[in-house]
Amino acid sequence: MTKINAPKGTRDILPTEIAAWQQAERQFAAVCARYGYQEIRIPTFESTDLFQRGVGDTTDVVQKEMYTFLDKGGRSISLRPEGTAGVVRSYLENGMASWSSPVRLWYNITAFRYENVQKGRYREFHQFGCEVFGADGPVVDAELISLLALFFKEIGLGQTSLRINSIGCPVCRTAYNQLLKAHIQPHLADMCPTCNDRFEKNPLRIIDCKEHKCQPVTKTAPALLDHLCPDCQTHFDGLCTNLDELGIAYTVDRGIVRGLDYYTRTVFEFISDHVGTQGTICGGGRYDGLIESIDGPHTPGIGFALGVERLMMELNSQGVSVATLPVPLIYIAGLGAAAATKARQITFLLRQQGIYAETDLMNRSLKAQMKFAGKTGATYTLVLGDDEIANGEAKLKHMADSTERVVRLDQLAAFLTAR
RNA sequence: GUGGGAUUAGCUCAGUUGGUUAGAGUGCCAGAUUGUGGCUCUGGAGGUCGUGGGUUCGAUUCCCAUAUCCCACCCCA
């Protein structure tokens, strides 16, 4: 029998970490609620078609990284590599266009990509995300970004910089592509195969290339941001103004070109340098053409996804104090069979009153029970023997300073609650 | 898909220039005049040395393959 391990690229989130995860989840949900965003839960898998059309079948994510299989009905199914496509599908399928606009949603999902694993990158990973449908103004972009800024602030994350850019719309991109190709053409023979491949298909992505031999060309290339059409320019200026008005700091980074095909106009990232080379904690942007591309009516949209593993790594490296698991308020030790029964009864009673109480489950000696109580971090311990049961009162020990006080058993819950 | 490093007890790691029963720390369980935790002492459980081949009288140690982990390219959250 070979030993069975977790599949490559997956990991267990153990109780020692779970309090921090729960805290992040709570705080994200709380901030979203204050903004009027509503939670949506979508399927883990969808038709492969949805991702091919929604994410874009020229992307690496769709071409090489999806977990795709045929189900027993012969349908091609894929585990979601991201959340936006599924939310858009749900938006259309459930007629959310008829809801009052804008429709603002958030989600907490796992996503799956078959990639080689490294720091901050897993095959199964977690994302928090938001999507806004039906509003096209830059105030929406700014609100969405402000939600993130507020979340980072509340969870205690500093040193994370916001970078923004605009990658225009089909109109300005067509004109820009001609400029870009004219710039690249003379050097194409010296550039990497990927760039050569992208030259015809999606020249904009060449800007994103990190190959050393391509750098001289990409660094000097004209930036799309400097060649926006009037409408896109107005939108981008509006975003900057709105961010300024909200007091949110940002830097314009002409090099941000998101890797998913659906983005238009506004793109942004929150970046940290503590997460290895996977510094993007959160990335997002506007996708005004996405809904049409999966057969919906023209509907503007914008969203982001936040990598929860990367967020947790960043919190750790910044030394942000995170939540710890709750400790028992009281441990009740039982001496002998009759007292042990009574201890279990009282423990059950206390638990019904909302108190975190523990007692022995392993028929251990008193010493071992005390040791266990100490390890759980219980605030109080109480030893129950035949005398205590007969008298109806027992000594309640405060573990931190070893002080004891006598408490009537029938008033234990009241004492602990009032404390 | 490509490259570098790693894999020995639950965890963190020693170690054997190839040789009988593979160690430490920590954690776990138990005990130190049977009714009180943390400190100390004693004892115990726990490893076919990642897996599969090869070389050898003999492999945890050398060689090959493979899996997984870590890091980087690429890509992205």
Side-chain angles (χ1 to χ4, degrees), chain A residues 1-11 14 16 55 58-66 80-84 108-129 148 192-195 198 205 208-212 214 256-260 263 267 269-272 275-285 303-314 331-336 339 362 364-388 394-402 404:
Chain A
M1 283 288 255
T2 50
K3 190 180 171 191
I4 298 175
N5 293 319
K8 186 182 178 73
T10 66
R11 62 190 283 272
L14 300 176
T16 46
V55 179
T58 67
T59 61
D60 281 3
V61 168
V62 167
Q63 280 183 340
K64 319 192 284 205
E65 298 174 1
M66 282 208 297
R80 59 187 173 208
E82 51 101 60
T84 302
N108 173 10
I109 61 170
T110 53
F112 307 85
R113 295 182 196 173
Y114 190 87
E115 295 184 272
N116 248 336
V117 177
Q118 66 184 73
K119 194 177 181 70
R121 197 172 74 183
Y122 302 95
R123 289 185 174 178
E124 180 185 28
F125 58 100
H126 295 73
Q127 292 187 328
F128 296 160
L148 276 164
C192 71
T194 311
C195 286
R198 285 170 174 166
R205 296 287 313 285
D208 207 21
C209 185
K210 277 129 192 138
E211 290 277 334
H212 289 297
C214 303
I256 297 179
V257 181
R258 315 250 68 237
L260 307 179
Y263 289 110
V267 290
E269 294 181 349
F270 280 84
I271 297 179
S272 138
V275 194
T277 50
Q278 312 300 319
T280 304
I281 291 182
C282 170
F304 69 79
L306 185 158
V308 185
E309 283 82 1
R310 292 182 186 179
L311 173 69
M312 302 314 289
M313 290 170 78
E314 185 61 15
Y331 179 94
I332 301 179
L335 271 172
M362 299 182 64
R364 285 201 265 229
S365 70
L366 178 61
K367 191 181 183 75
Q369 291 190 56
M370 288 304 291
K371 196 170 175 181
F372 179 84
K375 254 183 309 197
T376 63
T379 308
Y380 294 102
T381 53
L382 183 140
V383 176
L384 212 56
D386 294 338
D387 293 349
E388 284 81 2
K395 280 186 283 193
L396 186 68
K397 179 173 182 177
H398 186 71
M399 292 294 270
D401 57 18
S402 296
E404 292 185 324

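We use all heavy atoms of the structure for the numbers below, so side chains are in, but hydrogens, waters and symmetry mates are not.
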Euclidean distance for [atom1], [N] against [M] (whole angstrom):
| N | M | atom1 | result |
| --- | --- | --- | --- |
| B:A24 | B:U20 | C1' | 22 Å |
| B:U2 | B:U12 | P | 29 Å |
| B:G50 | B:U42 | C1' | 35 Å |
| B:G15 | B:C73 | C1' | 36 Å |
| B:A72 | B:U26 | C1' | 33 Å |
| B:A67 | B:G18 | P | 28 Å |
| B:A14 | B:U55 | P | 32 Å |
| B:A59 | B:U16 | C1' | 11 Å |

What does [X] touch in the nucleic acid at a heavy-atom separation under 4.0 angstrom: a base, only the sugar-phosphate, or nothing?
| X | value |
| --- | --- |
| A:Glu388 | base |
| A:Thr381 | nothing |
| A:Gly9 | sugar-phosphate |
| A:Glu65 | sugar-phosphate |
| A:Ala305 | sugar-phosphate |
| A:Phe304 | nothing |

Problem set entry | Main-chain N/O of A:Glu115 paired to A:Glu65 side chain as donor or acceptor, under 3.5 Å | no
Exercise. Under 3.5 Å, is there a donor-acceptor pair between the side chain of A:Gln369 and the main chain of A:Gly334?
Worked result: yes
Output the rounded distance in Å from [atom1] ([X]) to [atom2] ([N]).
| X | N | atom1 | atom2 | answer |
| --- | --- | --- | --- | --- |
| A:Asn108 | B:A77 | CG | C1' | 13 Å |
| A:Phe270 | B:C76 | CZ | C1' | 17 Å |
| A:Leu382 | B:G35 | CG | C1' | 13 Å |
| A:Gln63 | B:C75 | CD | C1' | 12 Å |
| A:Tyr114 | B:U2 | OH | P | 11 Å |
| A:Asp387 | B:G35 | CG | C1' | 9 Å |
| A:Tyr122 | B:C69 | OH | C1' | 11 Å |
| A:Asn5 | B:U68 | CG | C1' | 7 Å |

For this session: Assign each of A:Lys397 and A:Pro7 to its nearest nucleotide of RNA chain B by heavy atoms, then name whichever residue's nucleotide is nearer the 5' end.
Result: A:Lys397
Given [options], which nucleotide is nearest the side-chain atoms of [X]?
| X | options | answer |
| --- | --- | --- |
| A:Lys8 | B:G37, B:A77, B:U68 | B:U68 |
| A:Arg121 | B:U36, B:C75, B:A72 | B:C75 |
| A:Val383 | B:G1, B:C75, B:G35 | B:G35 |
| A:Met370 | B:C75, B:U36, B:A77 | B:U36 |
| A:Asn116 | B:U36, B:G38, B:U2 | B:U2 |

Seminar exercise, completed: Under the rule of Watson-Crick or G-U wobble with both distances under 3.5 Å, where | means paired to another strand and [ ] a crossing pair, RNA chain B maps to (((((((..((((.....[...)))).(((((.......))))).....(((((..]....))))))))))))....
Side chain to side chain, [X] and [Y], heavy atoms closer than 4.5 Å:
| X | Y | value |
| --- | --- | --- |
| A:Lys371 | A:Arg364 | no |
| A:Glu388 | A:Lys395 | no |
| A:His398 | A:Thr379 | yes |
| A:Phe125 | A:Arg310 | no |

Exercise. So, for A:Ile109 and A:Gly83, which heavy atoms are closest and what is the spacing to 0.1 Å?
Worked result: CD1-CA, 3.6 Å
For this session: Provide the closest heavy-atom pair for A:Tyr263 versus A:Gly284 in the form atom of the first, atom of the second, distance.
Result: CE2-C, 3.6 Å
Problem set entry | With A:Lys8 via side-chain contact (heavy atoms from CB on, under 4.5 Å) - residues at least two apart | A:Asn116, A:Val117, A:Arg123
Problem set entry | Base B:A77 paired with A:Glu269 side chain (donor-acceptor, <3.5 Å) | no
Problem set entry | Between OG1 on residue A:Thr10 and CZ on residue A:Phe112, distance to nearest 0.5 Å | 10.0 Å
Seminar exercise, completed: Rounded to the nearest 0.5 angstrom, the CD1-CG distance for A:Ile281 and A:Leu148 is 10.5 Å
I'd like a table of atom pairs between the protein and nucleotides 27-33 of chain B - only N or O on both sides, under 3.5 Å - with the distance next to each one.
residue: B:C28; atom: OP1; partner: A:Lys375; partner atom: NZ; Å: 2.9
residue: B:C29; atom: OP1; partner: A:Arg364; partner atom: NH1; Å: 3.2
residue: B:C29; atom: OP2; partner: A:Lys375; partner atom: NZ; Å: 3.3

Problem set entry | B:C73 phosphate, OP1 or OP2, under 4.0 Å from A:Gln118 side-chain N/O | yes
Exercise. Between A:Glu309 and A:Arg11, does a side chain to side chain contact (heavy atoms under 4.5 Å, CB included) hold up when you go through it step by step?
Worked result: CA-CA 11 Å; A:Glu309 283 82 1; A:Arg11 62 190 283 272; 4.3 Å; yes
